[in-house]
Each structure stands twice: as C-alpha cells, then as structure tokens.
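All remarks here apply to the structure that follows.
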Amino acid sequence: MATVQLVKVNKVYDGGVHAVHDFSIDIKDKEFIVFVGPSGCGKSTTLRMIAGLEEISYGDFLIDGKIMNSAAPKDRDIAMVFQSYALYPQMTVYNNMAYALKLRKVPKEEIDARVKEAARILKLTPYLDRKPRALSGGQRQRVALGRSIVRRPKVFLMDEPLSNLDAKLRVAMRSEIVRIHEEVGATTIYVTHDQIEAMTMASRIVVMKDGFIQQIGEPNEVYQNPANMFVAGFIGTPAMNFLHGTVMNGYFVIDGSGEKIKLTSEQKELLKNYETKRLVYGIRPENLIYEGSERFAKFKDCSFTLKAGMVELLGDIVNVHGETGNDKAILKMSSKYSVKDKTEIRVAIDCEHARFFNETTTKAITPDYCEYEEVEVTKSLDEDNVTIIEQKPQGLISKAVGAVKGLINKKKKPDADAATEDTAQPDENETE
C-alpha cells in the first residue's frame with residue numbers, strides 16, 4: 001500500500017475564505033485514519049484535496065515520499081467512496097464492480113478474479129447478478145466499497161459513507177468496514193462527523209474545528225487526555241462536564257454555589273501556578289458517583305450538590321441532567337438507582353479522572369503546560385464570523401507555480417503601466 005504525508009496544507013477559496021489551515025500529518029502504511037469534527041470544519045475539503053478534486057492552495061501532499069500536488073486524480077492511485085452510493089442502476093453488481101477495470105483495459109480473466117475476490121471479502125457473492133434496486137442500503141454500500149477494492153489502489157478515501165444508513169445498519173457496517181480494512185490491508189482515510197464512528201473504527205483520530213487540527217491521537221488517548229475543551233466536549237457521549245471556578249487553598253471553588261471540591265496532592269502540584277486564579281474543572285458524566293452508590297463515601301470530599309432536571313432512562317443507564325452553581329452538568333449512572341426530577345442530590349467526583357483547562361486559552365493544563373496564561377477571549381469562527389487570512393505560498397510546488405505566474409503577469413503588463421511607475425499612484429495589478 002502506501003504512506004501519505006500532508007505538510008502545512010492549506011485551502012483558500014476565491015474571496016479569501018480560508019477553509020483549511022496548515023494541515024500536517026504523517027500517515028503510516030495500512031493505517032486507518034479518521035478525520036472527525038462538526039460540519040464545516042474542513043475535513044471533507046482536506047479529503048478532496050488528497051483525492052485531487054480540490055486544488056491545494058499551498059503546502060505539500062506526498063504519497064510514498066513523492067509530491068503529488070499537481071498530479072491528476074486518475075494518476076494518484078486513490079479510490080474514493082462517497083456519501084452517496086453512486087451505482088449504475090442499469091448494471092448488475094458484477095458489472096458495477098468491474099466497470100472501472102474495463103475502462104483501464106484490464107484482461108477479462110483478471111477482472112473476473114478481482115471481482116470475485118472482492119465479492120468474497122464483502123460477502124456479496126450471492127448478489128453478483130442482481131441490480132442495485134434489488135439490494136438493501138447496506139448491500140449497496142458494500143458494492144460501492146467493492147468498486148474501490150477491485151482497483152487495488154494505494155489509498156482508500158471514504159467521505160461519510162454510512163450517513164445514509166439507519167442506526168442499526170450503521171453499527172453493523174462499522175464493524176464490516178473495519179473487518180474489510182484488516183483483510184485488504186489498505187491505507188484508509190475516513191471522514192465523519194460522528195464521534196462514535198471515529199472512536200470505534202480508527203487507529204488514530206484527527207479532530208478538526210474551523211479548519212484547524214485540534215488533536216491527533218489514538219481514540220483512547222484523545223478520550224482520556226483531550227488537548228483542549230473543544231476536543232473534551234466533542235469526543236464522548238454525553239459530553240464532558242465543565243465546572244468554572246477558582247483554586248483556593250487546596251480546593252476548587254465552584255462559581256455560583258461556593259461549594260468546594262478537594263484537590264489531590266498531585267492536582268495541587270499541577271495547579272500551583274493557578275492559586276487564586278480561575279480555571280475549568282472537567283469531568284466526564286460516567287466519572288460522577290451518585291450518593292446512593294457504595295463508592296460515594298470514598299470520594300465524599302470531592303462531592304457537590306446537583307439540582308436534577310430532566311432524567312433520561314436509556315435501558316441499563318440513566319442520564320441525569322442538572323445544574324450546579326452557574327454550570328450545567330450530567331450524571332451518568334446505573335438504572336438500578338432512581339432519581340426524580342426537580343430534586344437535589346449529591347454527586348462525588350472520581351478525582352483521578354478529573355481534567356483541568358485554562359479558562360481563556362481552553363488548553364488542557366498538563367505538566368508541560370501548567371504556567372498560568374490569560375488571553376483575550378474571541379468568538380469562535382462560524383458562518384457569521386468568517387476570518388479571512390492571507391498568507392504567501394509555502395509548499396515547494398506552490399512556490400514554483402507562484403514564480404511562473406509572476407513571470408507571466410510581468411510579461412502581460414501593458415507598456416502604459418510601465419510609463420506610470422514613477423508616479424505616486426499604485427498599479428492596480430500590483431495591489432494585494
């Protein structure tokens with residue numbers, strides 16, 4: 001298969017909208033990488049730049065160490081599975097899978113062998129003579145995967161391939177795609193906005209927001225040690241609870257209620273530069289302990305009052321949505337306990353799972369980042385608050401293309417413009 005590298009890849013659309021900022025990653029051979037983030041974060045744009053469907057504004061894209069920025073999509077040896085199945089309705093499953101090979105003039109015997117091998121992997125052998133309308137949604141998705149597999153590309157790209165399936169079928173197809181990846185052994189880049197897909201399928205996750213990479217890591221590492229509040233809130237269901245407050249004499253004091261959560265000796269050392277300063281105390285809902293639990297007494301010094309609101313019964317678990325001080329919080333516990341809404345309960349924190357964040361930078365406070373820092377709070381980038389950033393091309397290919405364009409523009413410049421160079425007025429063509 002192949003290794004893939006992206007080095008400070010950027011995408012700037014006409015008008016200056018900067019969709020992807022300095023995207024850099026080294027993808028190893030046979031890795032299953034998942035780009036995850038909310039809609040509009042730049043994950044699909046990055047995938048399309050890898051596929052050659054979008055031009056890279058600047059930065060470098062390499063396959064097996066070879067720069068591929070200017071290579072046509074057909075020359076990149078990449079297969080892409082789209083959100084829609086895009087099957088030919090008049091063709092059988094066999095012909096849908098064989099079509100790309102026929103266009104490449106592959107011998108009939110080899111086409112037959114490849115299609116039957118892909119059908120075996122995808123468990124489609126009984127359906128090779130059927131047309132797409134006679135297949136279920138999951139079977140159609142597997143045909144779309146098969147069409148890519150028969151090509152034996154260096155890299156597989158998948159752009160939210162499960163989004164059109166119902167919830168039960170998505171669960172089944174997640175395990176199917178992982179099984180297929182392991183059997184085929186292909187380098188795979190998968191895009192989704194569903195963090196459950198990312199957590200269950202990826203060897204590494206790339207979390208994105210507003211065109212920037214927020215964190216790259218193995219699923220459990222990202223879950224247990226989020227780099228910032230966005231990652232902590234995006235990865236995990238329900239999301240991590242964030243309690244705002246102040247560090248005072250070995251305690252974290254919650255805003256709005258004044259309740260004190262005792263800090264462990266390790267936490268005191270980590271937060272020594274935050275004494276009397278504000279920060280955010282993060283704890284996941286499953287790491288809160290209900291007062292009725294036998295474990296509550298052990299963590300009683302790290303407890304606070306939760307005013308219960310909506311109570312969600314989800315079979316074996318219960319999510320209790322509530323408030324403490326000025327913040328909202330969720331308790332996730334076993335359904336063997338019963339909590340009525342509009343009541344006050346005590347919950348304790350399993351403090352070894354607590355995470356702390358700088359309130360203004362939103363970065364996780366770690367041994368490597370524990371100095372107190374305060375920055376001006378700005379609005380998040382969204383559709384109504386678009387930041388336009390102009391930068392000079394940085395990639396090797398981009399620099400070369402820029403130099404050629406500069407020479408062409410210089411030759412095209414009218415003589416009349418040259419005659420006015422001594423005047424104080426700037427040339428329209430030279431104004432950035």
Side-chain angles (χ1 to χ4, degrees), residues 1-13 18-57 59-63 68 73 76 78-84 144-145 148 153-164 170 173-174 177-178 180-181 186-223 226-228 230-237 381:
M1 293 299 165
T3 61
V4 176
Q5 288 177 285
L6 289 91
V7 183
K8 293 188 175 180
V9 167
N10 288 256
K11 180 61 182 179
V12 183
Y13 288 102
H18 205 140
V20 178
H21 301 255
D22 286 345
F23 192 105
S24 296
I25 187 173
D26 288 347
I27 301 174
K28 299 173 185 175
D29 185 27
K30 299 183 181 180
E31 266 200 295
F32 195 117
I33 298 292
V34 176
F35 297 168
V36 64
S39 296
C41 71
K43 56 188 184 295
S44 289
T45 301
T46 305
L47 196 76
R48 288 173 65 83
M49 286 192 287
I50 293 171
L53 303 178
E54 293 275 2
E55 183 183 352
I56 295 173
S57 300
D60 293 315
F61 163 57
L62 302 89
I63 296 179
M68 304 294 287
R76 298 188 181 203
I78 285 173
M80 189 164 182
V81 179
F82 294 93
Q83 185 174 343
S84 59
L145 287 169
S148 297
K154 289 184 176 180
V155 182
F156 282 101
L157 306 181
M158 301 187 187
D159 190 5
E160 303 199 40
L162 307 185
S163 59
N164 291 332
R170 289 178 75 160
M173 281 303 298
R174 284 204 300 264
I177 289 176
V178 171
I180 292 164
H181 167 74
T187 304
T188 304
I189 304 173
Y190 186 103
V191 161
T192 182
H193 64 273
D194 186 335
Q195 50 96 7
I196 295 176
E197 284 183 22
M199 292 290 292
T200 55
M201 299 172 73
S203 53
R204 280 193 299 158
I205 294 174
V206 180
V207 185
M208 295 183 68
K209 177 178 180 282
D210 297 339
F212 291 92
I213 292 176
Q214 302 295 308
Q215 187 172 0
I216 300 175
E218 295 179 2
N220 192 55
E221 173 64 21
V222 172
Y223 184 80
N228 55 42
F230 172 78
V231 176
F234 188 82
I235 301 295
T237 304
L381 187 68

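Source: prediction; values computed, not measured.
Distance check, rounded to the nearest 0.5 Å: CZ of Phe61 to OG1 of Thr46 gives 11.5 Å. Taking CZ of Phe23 as the start and CD1 of Ile216 as the end, the distance is 6.0 Å to the nearest 0.5 Å. Of the inter-residue distances, the one linking Met158 atom CE with Glu197 atom CD reads 11.0 Å to the nearest 0.5 angstrom. Remark: Tyr190 OH to Asp159 CG distance equals 9.5 Å, nearest 0.5 Å. Between the OG1 atom of Thr188 and the CE atom of Met201 there is a distance of 9.0 Å, given to the nearest 0.5 Å. Atom-to-atom distance recorded for Ile205:CD1 and Asn220:CG is 9.5 Å, nearest 0.5 angstrom.
Of the possible polar contacts, none joining the Lys43 side chain to the Val191 backbone as a donor-acceptor pair under 3.5 Å is found. Here the side chain of Glu221 pairs no donor or acceptor atom with the backbone of Glu218 at under 3.5 angstrom. With Ser24 contributing its side chain and Lys8 its backbone, the two residues share a donor-acceptor pair below 3.5 Å. Judged purely by atom type and a 3.5 angstrom limit, His21 has no side-chain atom pairing as donor or acceptor with the backbone of Ile213. The closest donor-acceptor contact from the side chain of Asp210 to the backbone of Cys41 lies at 3.5 Å or more, if one exists at all. With Ser203 contributing its side chain and Glu31 its backbone, the two residues share no donor-acceptor pair below 3.5 Å.
Proximity of Ile196 to Arg170: side-chain heavy atoms (C-beta onward) are nowhere separated by under 4.5 Å. A heavy-atom distance below 4.5 Å is not found between the side chains of Gln215 and Asn228. When side chains are defined from C-beta on, Asp22 counts as touching Asn10, because their heavy atoms get closer than 4.5 Å. Proximity of Ile63 to Ile78: side-chain heavy atoms (C-beta onward) are separated by under 4.5 Å at one or more points. Counting heavy atoms from C-beta on, the side chains of Phe35 and Ser44 never come closer than 4.5 Å. Counting only heavy atoms from C-beta outward, the side chains of Thr187 and Lys154 never approach each other to under 4.5 Å.
Remark: the Thr237 side chain and the Gln195 side chain contain an N/O donor-acceptor pair separated by less than 3.5 Å.
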Might you work through the side chain to side chain contact (heavy atoms under 4.5 Å, CB included) test for Leu162 and Ile177, ending with a clear yes or no? CA-CA 10 Å; Leu162 307 185; Ile177 289 176; 3.8 Å; yes
Quick one, Leu53 with Met80, criterion side chain to side chain contact (heavy atoms under 4.5 Å, CB included). Give me CA distance, side-chain angles, the key distance, then yes/no. CA-CA 11 Å; Leu53 303 178; Met80 189 164 182; 4.0 Å; yes
Derivation of the side chain to side chain contact (heavy atoms under 4.5 Å, CB included) call for Met173 and Leu145: CA-CA 11 Å; Met173 281 303 298; Leu145 287 169; 4.2 Å; yes
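Remark: Arg174 pairs with no residue by the salt bridge (charged side-chain N to carboxylate O under 4.0 Å, His left out) rule, at least two apart or across chains. Evaluation of the ring pair (Phe, Tyr, Trp, His ring centres under 6.0 Å) rule for Phe230 yields Phe234 as partners, not counting sequence neighbours.
Taking the ring centre of Tyr13 as origin, the terminal cationic atom of Lys11 falls inside the region bounded by 6.0 Å and 45° from the ring axis.
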